[in-house]
J.: 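Starting off with a structure, shown below.
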Number of protein chains: 2
Amino acid sequence: MNLPPLVQTFVLHFGEMGSRWGINRTVGQIYALLYLSKEPLNAEDIVERLGVSRSNVSMGLKELQAWNLVRLQHKPGDRRDYFSTPDDIWQIVRTLVEERKKREIDPTMTLLREVLMQEPASVEERHAQERMREMHDLFELLTGWYADVQRLDTERLVQLLTLGSKVQKILEMKDRLFVVPGSKKSRREDPKDK
Amino acid sequence: MNLPPLVQTFVLHFGEMGSRWGINRTVGQIYALLYLSKEPLNAEDIVERLGVSRSNVSMGLKELQAWNLVRLQHKPGDRRDYFSTPDDIWQIVRTLVEERKKREIDPTMTLLREVLMQEPASVEERHAQERMREMHDLFELLTGWYADVQRLDTERLVQLLTLGSKVQKILEMKDRLFVVPGSKKSRREDPKDK
DNA sequence: CACATATTTCATAAAATTCTGAAATTTCAG
DNA sequence: CTGAAATTTCAGAATTTTATGAAATATGTG
């Protein structure tokens with residue numbers, strides 16, 4: 001491995017981290033390298049710096065492209081493929097979340113919907129279905145929220161995240177300002193209520 | 001494998017899904033089985049239903065315990081260990097996020113902080129450090145938000161998620177109501193501004 | 001304390017994955 | 001078209017992960 005020490009530390013860490021996700025060490029390292037690199041790199045650059053085989057790099061890049069995590073570019077008068085990551089880190093986050101949703105949540109939702117259609121054949125199956133319903137509803141809530149904030153531009157998203165639960169305060173304020181008498185929603189919770 | 005068809009479908013799916021996360025098939029299956037089960041199960045129950053070896057189940061349960069994803073219980077007059085998942089699915093989500101943060105984000109943050117302390121020895125390293133700084137700041141923002149909403153009780157959390165980006169509307173409303181003249185924060189963005 | 005039961009550990013077998021080098025294929029300049 | 005450069009594919013080697021059965025250890029009851 002032929003890298004500045006500071007870069008190497010990060011690349012190695014990402015390689016290890018990769019295995020805790022579903023990606024292999026080389027893919028993690030390639031990604032980390034591209035993320036840190038100012039200039040786009042071609043496959044041979046990556047081979048030299050990481051000290052892995054050319055074919056391994058080829059496969060790794062293919063996987064990263066499947067994840068939409070790297071961008072393919074060309075330099076004028078150079079037929080080699082150059083790769084880079086988006087400069088905007090928020091774009092990276094959006095892609096990552098989108099792809100993970102596509103791979104992990106969506107197939108599970110499909111399966112849950114299918115299974116929830118079936119008629120339970122025993123009390124055991126009935127209970128199992130209830131649990132699956134809970135998971136289904138949870139995922140629906142989370143993906144709904146995600147679809148919603150996904151649409152925000154970055155500035156607003158950051159604003160929202162910075163607020164964190166302080167949003168809660170504002171919600172309470174809103175509640176107080178716009179109480180509709182008799183509305184269930186507007187009724188204040190009181191522990192003494194039973 | 002000795003399970004009602006409906007349960008089996010889900011258990012198999014979770015087993016496959018496991019490998020896309022960092023956990024192995026058996027661990028995924030054990031978890032799915034416990035999640036769907038009304039009653040806590042002991043190791044032998046799991047062996048029978050999943051058709052895997054006793055030792056495999058022992059290891060799998062150990063891993064799930066390390067993740068805080070299963071609860072160990074006892075039945076009166078029975079020395080065997082019984083396992084279950086929390087009934088409250090939100091509790092499960094909280095644990096999962098917490099543990100993943102602990103395993104994936106925290107070590108990365110530690111490394112980023114260390115590397116950001118060092119003096120870059122070249123322009124290349126300087127640029128790499130800037131990228132790491134971006135990642136560091138991003139993680140800080142996200143974990144800050146997480147720490148914040150983590151503290152909300154479930155009802156309020158659901159309320160927040162249900163709102164999604166509609167929160168934005170409320171924020172704008174708040175801005176309009178409480179403009180502090182001359183304050184940077186309260187100044188309305190205008191595309192015509194330069 | 002003894003002994004039957006339950007659980008864990010661990011060496012190694014089995015399976016899955018990752019990586020490589022060689023060959024095949026693609027691409028494009030001349 | 002041709003041929004050199006670039007990339008991809010792929011069979012098998014290397015490595016890593018996962019699963020098993022046997023042995024060791026722990027636990028609790030009588």
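Residue numbering restarts at 1 for every chain, and letters A, B, ... go by the order of the sequence lines. For the numbers below, each heavy atom of this structure counts, side chains included, while hydrogens, waters and symmetry mates do not.
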J.: Let me check something: any side-chain donor-acceptor pairs from residues 10-24 of chain B under 3.5 Å, sequence neighbours excluded? List them with distances.
T.:
unit_1: H13(B); atom_1: NE2; unit_2: T108(A); atom_2: OG1; d: 2.9
unit_1: S19(B); atom_1: OG; unit_2: E16(B); atom_2: O; d: 2.6
unit_1: R20(B); atom_1: NH1; unit_2: R103(A); atom_2: O; d: 2.6
unit_1: W21(B); atom_1: NE1; unit_2: E104(A); atom_2: OE1; d: 3.2
unit_1: N24(B); atom_1: OD1; unit_2: T26(B); atom_2: N; d: 3.0
unit_1: N24(B); atom_1: OD1; unit_2: V27(B); atom_2: N; d: 3.0

J.: Side-chain donor-acceptor contacts of residues 63-77 of chain A below 3.5 Å, not counting sequence neighbours, with atom names and distances?
T.:
unit_1: N68(A); atom_1: ND2; unit_2: E99(A); atom_2: OE2; d: 3.1
unit_1: Q73(A); atom_1: OE1; unit_2: S84(A); atom_2: OG; d: 2.6
unit_1: H74(A); atom_1: NE2; unit_2: D81(A); atom_2: OD1; d: 2.8

J.: Return the residues of residues 11-46 of chain A meeting this criterion: a heavy atom under 4.0 Å from some atom of DNA chain C. Order them by number, or give none.
T.: N24(A), R25(A), T26(A)
J.: Strictly below 4.0 Å, heavy-atom distances to any atom of DNA chain C: list the hits from residues 54-69 of chain A, or just say none.
T.: S55(A), N56(A)
J.: How about E48(B) and N2(B): do any of their side-chain heavy atoms sit closer than 4.5 Å?
T.: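 The answer is no; the side chains never approach within 4.5 Å.
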J.: I want to verify a distance call: between dT20(D), dT7(C), dG21(C), whose nearest atom is closest to the S53(A) side chain?
T.: dG21(C)
J.: Roughly how far, to the nearest 0.5 Å, is the OG1 atom of T9(A) from the CE atom of M132(B)?
T.: 7.5 Å
J.: Rounded to whole Å, please give me the gap between CZ in R80(B) and P in dT29(D).
T.: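 Result: 13 Å.
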J.: Counting C-beta onward and ignoring hydrogens, is there a side-chain heavy-atom pair between L41(B) and Y82(B) closer than 4.5 Å?
T.: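 A side-chain contact is absent here, since even the closest heavy-atom pair is not under 4.5 Å.
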J.: Taking the side chain as every heavy atom from C-beta outward, state whether Y35(A) and I92(A) have any pair of such atoms under 4.5 Å apart.
T.: yes
J.: Are the side chains of M109(B) and E140(B) in touch, meaning some heavy atoms are under 4.5 Å apart?
T.: yes
J.: Report yes if the side chains of L138(A) and L142(A) come closer than 4.5 Å at any heavy-atom pair, otherwise no.
T.: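 Yes, their side chains come closer than 4.5 Å.
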J.: Could you write nucleotides 23-30 of chain C as a row of B, S and -, 5' to 3', where a protein heavy atom under 4.0 Å of any base atom gives B, of only sugar-phosphate atoms gives S, and otherwise -?
T.: ----BS--
J.: I want to check something: taking the side chain as every heavy atom from C-beta on, are R94(B) and T154(B) in contact at a cut-off of under 4.5 Å?
T.: yes
J.: I'd like to check the ring pair (Phe, Tyr, Trp, His ring centres under 6.0 Å) partners of F83(B); sequence neighbours left out, ordered by chain and number.
T.: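 With sequence neighbours excluded, F83(B) shows a ring pair (Phe, Tyr, Trp, His ring centres under 6.0 Å) to no residue whatsoever.
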